[in-house]
Amino acid sequence: MNLPFLFRRARSRLNPESVLSFVFMLFLAYVVVLPLFVMVRETFIVHPMERFQIPGSKAGDYTLAHWLKVLTGELAWGAFYKPLINTLIVSSLISFLSLLIGGGLAWLVVRTDLPWKKLVSNLAIIPYIMPSWSLALAWITLFKNQRVGGSLGLFEYLTGISLPNWFSYGMFPIVITLSLHYFPFSFMLIGGALRNIDSQLEESAELLGANRQQILRKIVFPLVAPIIFSSFLLTFSRGIGTFGTPAFLGGPVRFYMLSTMLYANIVGQRPGLGYIITLVMILFGALVLYMDQRMLGERKSFVTISGKGGMSAPFHLGSARTVVTLSVLVFLFLVTVIPFFILAIESFMLFPGNYSLSNLSLHYWIGPASQTIGIGSSEAGILRNAAILKALWNSVQLGILVALICGIGGSLIGYTIVRTRGTWKCSLLDQLSFIPYLIPSIGFGAIFLALFAVPRGPIPSLYGTLTLLVLAASVKYLPYSTRAGKGAILQIGPELEEAAIMSGAPWVTRIGRIIFPLQKAAFFSGLLLPFISAMRELSLVVLLATPGTDLATTITVKFTDRGWYPYTNGIMVLIVLTILLITAVSRKLMKTDLAKGIGG
Amino acid sequence: MCKKLIWVGVLFGIFLLSLYAGGSGETAKQGPSMAAKPEVWSEVVAAAQKEGKVVVYATTSRITLAAENFTKKTGIKADAHRLSEVELIERLNKEAASGITAADVVLIEDYPSMMETLVKPGYLVNYIPPSAREGVPKEYQTPLVFAFVNRIFGYNTEKYPKDPFQSIWDFTLPEWKGRVMIRDLVITGEHQNAFTELIRRSDELEKEYQRRFGKPLEKTEKNAGYEFMKRLVQNDIILMKSDTTIAESVGKRGQADPPVGFFYVFSKHRDIPKKNLALAYSPNIKPFIGYYYGMYLQLTGKAKNPNAAKVLADYLISPEGYKPWSDEMGFYSANTKVPPYPDDKPWSWWKEHLWTYDPTYAAEHRGEVLDAWIKYVQKK
C-alpha cells in the first residue's frame with residue numbers, strides 16, 4: 001500500500017458529507033448502539049433479587065434463565081405472550097384508526113373546497129400537543145362507571161345511564177383515546193404528501209382523457225401510498241411503547257400490555273426480565289422501520305425544484321359540503337375542546353366530584369398553601385407555587401434547547417443522508433438515527449442514566465443537570481428533525497448546489513445562501529415538533545429528572561400520586577397553553593406550517 | 001474490503017466499551033461503620049453546623065414540614081424530596097450504580113429490596129442516633145425503624161352500618177364479586193412482600209377456612225396461600241393504581257353499591273372529614289385485619305454531609321421531630337417516648353391484630369408471588 005496514494009485518496013474523500021456522516025455515526029453509535037449492547041448483556045446476568053428464582057445462582061452470574069422464563073414455561077403466556085398479543089392488536093387498531101381519521105381530514109383540507117381550512121388545521125394538531133394520558137383522564141371523568149365506585153362519571157351523572165365495562169375500560173377506550181391522540185401525526189404526514197404532488201402529473205392525465213376517479217386511483221394514491229404506510233408504521237411503533245394510558249384504563253379490567261409488564265419487572269427488581277421485554281419492543285419497532293424503508297425506497301424522485309408543485313383544482317364537495325363541514329368541526333370540537341375543558345374544570349373545583357356551581361374556586365390557582373381549604377394539600381396555588389413555576393420554566397428551557405439541537409442536528413444529518421444517497425453511509429446513518437425512536441421511553445431513560453450519570457473519559461458526570469435531560473430528549477427526537485431535514489433537502493435538486501460548487505462557493509456558503517433560504521419554513525417546522533414533544537414528555541424524563549431539575553410533567557406525577565388531581569390538571573392545562581402560545585407566536589414570526597415539519 | 005474491516009473494528013470497539021460501560025457490577029464501597037466508633041455527640045453537632053446542609057429523600061409527604069422545622073431549629077438547611085416507594089428504590093439503585101450519592105438521609109420502604117440492592121452493597125448504612133438508643137426498642141434498631149405503617153380493609157359505612165366482614169375468605173365469596181379493590185401488585189413492592197406472608201403462613205389460612213365454612217379447603221394450587229390469591233383475583237378483582245383513589249371510591253357517600261378496599265393505607269382515613277367520606281376499617285377479620293410494614297431511616301454510605309445526616313436522624317426519631325406525623329392515624333413511631341395519636345388504637349393493639357412479613361422469606365419468594373399474581377390476573 002502506497003502511503004502518498006492513500007493520503008491523496010483520503011483527502012479527496014474528505015468532503016463535508018463524509019466528515020459529517022462520520023462524526024454523526026460515531027456519536028449515534030455511542031448513544032444508541034452502546035445502550036443496545038448493554039441491554040442485551042444485562043439480559044444474561046443475574047441481578048440481586050433475581051437470584052432467588054434461579055436456584056444455585058448468585059448476583060453477577062451469567063444465565064439463560066431469563067430468556068427461558070420469558071419465552072417458555074407455564075408463566076410465559078400470562079406474563080409475555082398475552083400482553084404481546086394485546087399490544088400488537090391495540091397498536092394495529094390505533095394505527096388504522098388514526099390513519100383513517102388523519103388521512104381523511106388531510107384529504108379534506110388539502111384537496112377539497114372545505115371552508116375554514118386554517119381553523120381545521122390548527123385544531124387537528126391539538127390532540128397531539130396534549131399529553132397522551134390527558135385524553136385517558138378525560139375519558140374516565142366522562143365515562144367512569146360504578147365498577148370503580150366513587151363519584152359518578154359525568155355521562156352517568158347527566159343521563160343516569162350506566163355504561164358497560166368494556167366501554168369504560170380496557171381495549172376499547174385505550175384504542176379510541178390513543179387513536180385520537182395520534183391522528184394529528186397522520187394528518188400532518190399525509191397532508192404534506194398530498195400538498196407536494198406536482199399538478200403537472202394530474203394535468204397531463206386529464207389531457208390524455210382520464211377522469212377524476214382514474215386520476216385518484218392511478219396517480220394520487222400511488223404517490224401517497226408510501227406515506228400512508230409510513231404513518232401507519234410510525235404510529236404503530238409509538239403505540240407499542242406507551243405506558244400511561246394502558247395502565248390507567250386497563251387496570252380495572254385486568255387488561256395488560258407489554259409496557260405494563262415492563263414496569264412490573266422494574267418494580268419487582270427484575271431488570272434481566274425487564275430488558276428482554278424492552279428488546280422485544282425494539283425488535284418490533286425495527287421491523288416496522290425496515291418495512292417502512294422498503295416502502296419508501298421504491299419512490300424514485302421527489303425533486304420539485306421550485307419547492308412546490310402547483311396544485312390541481314380542488315374537489316368540490318357540492319351538496320355534501322355543509323354536512324361534511326359540520327361533522328368535521330363537531331368532531332374536532334369533541335376531541336380537542338371537550339377534553340381540555342374537562343381537565344381545566346377539575347382544577348377549578350374545590351372538592352372533587354362535586355359538580356355544583358358553588359364548588360367553583362380559584363384556590364388551586366392562586367390560593368395560599370393551606371391544610372384546611374379544599375383537599376388541604378399545604379401547597380400554594382399553581383400560579384403562586386415556586387416549585388411548579390420553576391418546573392414549568394425548566395420545561396420551557398428544555399423545549400427550546402432540544403428544539404435548537406434537533407433542528408440543527410437533524411437538518412445536518414438529513415442533508416448528509418440525502419447527499420450520500422445510495423451509499424452504505426447513507427443507509428447506516430438513516431437507521432442509526434432512527435433507532436432512538438424505537439426504544440420505549442421508559443427503557444431509554446434508564447439506559448441514558450447508566451451512560452452519562454458517571455464520568456467517562458472526557459465526559460463529566462451529567463447527573464442532576466438539565467444537560468442530561470436535554471441530551472436524552474434531543475437524541476430521542478432527532479428522528480423527527482432528521483425526517484424533516486431529509487424531506488426538505490430531497491425537494492432541492494442537486495443541480496443547485498452543483499452550480500454553486502462550480503462557481504467556487506465553499507460548503508458553508510452553499511448551506512447559508514441556497515439550502516437554508518429555500519427550506520427555511522421546513523427548518524423552523526422541524527424545530528417546533530421537538531419543542532412540543534420535549535415539553536409534554538414524561539416517561540423519558542421520569543428517571544432522569546432529579547428533584548432539582550423537576551419538569552412540569554414530572555411534577556404532576558407527585559400530585560397525582562397523592563391524589564391531588566386539581567393540581568395535576570391545572571399544570572397540564574398550563575403546559576398545553578404554553579405550547580399553544582409558542583406555536584402561535586412561531587407561526588406569526590416565521591410563517592411556519594407544522595405540517596411541513598414531518599417531511600411529508 | 002478496507003471499509004468493511006474498519007466497520008468491524010468500530011463495532012468490536014463499541015462492544016468492548018459496552019463491557020466497561022453500564023455498571024461493572026462494582027457498587028459503592030462499604031462506608032465507614034457508623035455505629036462502631038464511640039462518638040461525642042457535641043462534636044457531631046458542631047461538625048454538622050459546619051456542613052450547613054443536609055438532603056433527605058422520603059416516601060412520606062410530611063417530610064417537607066419536618067425539614068422546615070429542622071431548619072428553623074438548628075439553622076442547618078434541610079432539603080427534602082418526596083418520592084414514591086418504587087421511585088425511591090429505583091432512584092437510589094440508579095444513583096448507586098452510577099457511583100453518585102445525592103442524598104444523606106433516606107426514609108425508605110420495601111425492606112427486602114432495600115436490603116438486597118442497597119444495604120448489602122453498602123450504599124445505605126444503619127445509624128442509631130442518641131434518641132433511638134434511648135427510645136426505640138432494641139429489636140427495631142437494626143435496621144432503624146422510623147415508623148410502622150398499616151394497611152387495612154375498608155368499607156362504606158353508609159351502605160354497611162355494621163362491619164360486613166368476619167373472615168379474609170369472605171373476599172372470595174360471590175356476594176363480593178367485582179366489588180373488591182386493591183392496588184395492583186404489579187406496581188407496588190410492599191403488596192408483593194405482604195402476600196409472601198400469606199404463603200408463609202398458609203396453614204393458618206387453611207385453618208381459618210375450616211373455621212369459617214365448616215369444611216376443609218379444596219386446593220387447586222400448592223398451598224392455601226396461593227389458593228386464596230387465585231380465588232381473590234378471579235372473583236373479578238378491581239385493580240387500581242392508588243390507595244387514595246381506593247379510599248375515595250369506597251367511602252364516597254350516596255353510592256348504591258360501593259366497593260370495598262383491600263390493603264389500602266390506613267392513613268388515608270385522615271381525609272374522612274375533609275372529603276366527607278363514610279369510611280371505616282374492619283377490626284373483625286380473621287386471621288388478620290391487615291398488614292404492617294416498616295419505614296426505615298438510613299444514612300447513605302458516602303453521604304456528603306454525614307454529621308448533618310446524623311443530627312437530622314436524631315431529630316426525626318425524637319418526639320419533637322416526629323411531630324408532623326403524630327397528629328394522624330396510620331403512622332406509628334417505633335420510639336416509645338412518642339405519644340400515640342389519641343383517636344386511634346395504640347401500636348400494641350395494632351401489632352397484635354396485623355400480620356407483617358418475614359424479610360428474608362419475602363426477599364426469597366416475592367418473585368414467585370409476583371409471577372403467580374400475573375398468571376392469575378390474565379384473563380384467558
Side-chain angles (χ1 to χ4, degrees), chain A residues 29-30 33-35 37-38 41-42 48-50 52-53 60 74-75 77-79 82 146-151 247-248 251-252 254-256 260-261 263-264 266-270 351-353 375-376 378 424 446-447 449-451 453-454 456 461 463-464 542-543 546-547 558 560-563, chain B residues 3 10 14-15 17-19 21-23 25 61 65 81-82 84 86 89-90 94-95 97-100 102 112-113 116-117 120 178 181 184 186-189 192 238-242 244-245 248-250 252 255-259 274-275 363-368 370-371 374-375 377-379:
Chain A
Y30 184 66
V33 177
L34 191 53
F37 271 127
V38 170
R41 192 191 56 146
E42 292 292 316
M49 295 283 277
E50 287 168 338
F52 300 117
Q53 291 188 278
E74 53 146 355
L75 300 169
W77 171 254
K82 182 103 202 317
Q146 307 252 25
R147 179 174 168 78
V148 295
S151 51
F248 192 67
R254 290 150 55 192
F255 180 80
Y256 283 139
T260 337
M261 289 293 116
Y263 192 75
I266 294 178
V267 172
Q269 301 297 330
R270 311 197 293 194
F351 288 101
I375 53 182
S378 314
W424 59 275
I447 294 164
L449 193 65
L451 271 185
V454 271
R456 284 191 202 290
S461 163
Y463 189 77
V542 103
L543 270 183
T546 58
K558 297 181 196 312
T560 313
D561 259 349
R562 284 176 261 183
Chain B
K3 255 184 277 184
V10 170
I14 293 175
F15 179 64
L17 251 183
S18 80
L19 295 176
S61 46
L65 189 53
H81 302 289
R82 192 249 163 205
S84 74
V86 172
I89 300 267
E90 262 315 287
K94 291 291 180 295
E95 290 182 5
S98 312
I100 297 162
S113 297
E116 286 294 319
T117 62
K120 278 217 177 95
M181 289 187 149
D184 197 340
V186 144
I187 60 174
T188 161
Q192 292 169 25
I238 307 171
L239 300 176
M240 303 290 285
K241 281 181 84 178
S242 117
T244 312
T245 319
E248 280 169 15
S249 305
V250 172
K252 183 119 193 346
Q255 296 188 67
D257 185 18
K274 255 184 262 186
K275 295 182 181 168
E364 289 169 7
H365 290 88
R366 79 184 231 183
E368 214 179 286
L370 178 61
D371 286 338
I374 293 178
K375 184 175 77 168
V377 159
Q378 285 302 325
K379 292 180 157 173

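Quick note on labels: first sequence line is chain A, next is B, and so on, each numbered from 1. Model, not experiment: these values are computed from the prediction.
Taking CE of A:Met49 as the reference point, atom CD1 of B:Ile89 lies at 8.5 Å (rounded to 0.5 Å). Note that NZ of B:Lys241 and CZ of A:Phe248 are 7.0 Å apart. Values are rounded to the nearest 0.5 Å. Here B:Glu368 contributes atom CD and A:Leu75 contributes atom CG; the two are 10.0 Å apart, rounded to the nearest 0.5 Å. Separating the NE2 atom in B:His365 from the CD atom in A:Gln53 is a distance of 9.5 Å, to the nearest 0.5 Å.
B:Thr117 approaches A:Gln269 most closely through the heavy-atom pair CG2-OE1, 4.1 Å. Minimum heavy-atom separation, A:Arg270 to B:Leu370: NH2-CD2, 3.4 Å. The shortest non-hydrogen separation linking A:Gly78 to B:Ile374 is O-CG2, 3.7 Å.
In this structure, chain A has heavy atoms under 4.5 Å from both the backbone and the side chain of B:Glu116. Contact of B:Gln255 with chain A is made through the side chain alone, with heavy-atom distances under 4.5 Å. Looking at B:Pro259, the atoms closer than 4.5 Å to chain A (heavy atoms on both sides) all sit in the side chain, from C-beta outward.
Not counting sequence neighbours, the partners of A:Gln146 by the side-chain hydrogen bond (donor to acceptor under 3.5 Å, both in side chains) test are A:Glu156. Not counting sequence neighbours, the partners of A:Glu50 by the side-chain hydrogen bond (donor to acceptor under 3.5 Å, both in side chains) test are A:His47, A:His66.
When each of B:Thr188, B:Asp257, B:Ile238 is checked for heavy-atom pairs under 4.5 Å with chain A, B:Ile238 comes out on top. The greatest number of non-hydrogen atom pairs below 4.5 Å with chain A, out of B:Ile187, B:Leu239, B:Val86, is found for B:Leu239.
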For the pair A:Tyr256 and B:Asp184, evaluate side-chain contact (heavy atoms from CB on, under 4.5 Å) and give the outcome as yes or no after the intermediate values. CA-CA 11 Å; A:Tyr256 283 139; B:Asp184 197 340; 2.5 Å; yes
